Amino acid sequence: MPDQPGEDVPSYFFESLDFSVTDRKLQAFFAEFSARSKESKRHQHNGAELVYVLKGRLTLSIAGSDFVLDEGDAIHFDAAHRTATGATTRPPAQPS
């Protein structure tokens, strides 16, 4: 699914990996960021996020600080901070 339905070029596409699990303590998603997509809208929510980059390069802005993650990199952070993401190189970045 696109992050913002109806957008000409979504910032990313994502898929729930645990949608059928009830009373889950953790939510798992697979996301793909196209090299031609724009940075996602800044967002925040309760809980924590763990991002692991399978392929490509991903720029992650957390509370005003930018981090560039390459293939094999991971980051864990408090999701209450305003966050935005975007792919920076081809092939598409695929964090999980």
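Here the structure is a predicted model, which is why all the values come from computation and not from measurement.
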> Which atom pair, heavy atoms only, marks the closest approach of L58 to T85?
Replying inline: CD1-CB, 4.4 Å
> Do F67 and I75 have side-chain heavy atoms sitting under 4.5 Å apart?
Replying inline: yes
> If you look at every heavy atom in Y52 and G72, which pair is closest and at what distance?
Replying inline: CE1-O, 3.4 Å
>> If I take atom NE2 from residue H81 and atom OG from residue S61, how far apart are they, to the nearest 0.5 angstrom?
In response: 12.0 Å
> What are the two closest non-hydrogen atoms of E71 and K55, and how far apart are they?
Replying inline: OE1-CA, 3.9 Å
> Tell me, do D66 and L60 make a side-chain contact under 4.5 Å, heavy atoms counted?
Replying inline: no
> Are F29 and V21 connected in the hydrophobic side-chain network, where two residues link if heavy atoms are under 4.5 Å apart?
Replying inline: no
> Looking at D70 and V53, what are the two nearest heavy atoms and their distance?
Replying inline: O-CB, 3.6 Å
>> Measuring only between side-chain heavy atoms, which start at C-beta, is F77 closer than 4.5 Å to T83?
In response: yes
> Without hydrogens or angle criteria, can the side chains of S20 and D18 be said to hold a donor-acceptor pair below 3.5 Å?
Replying inline: no
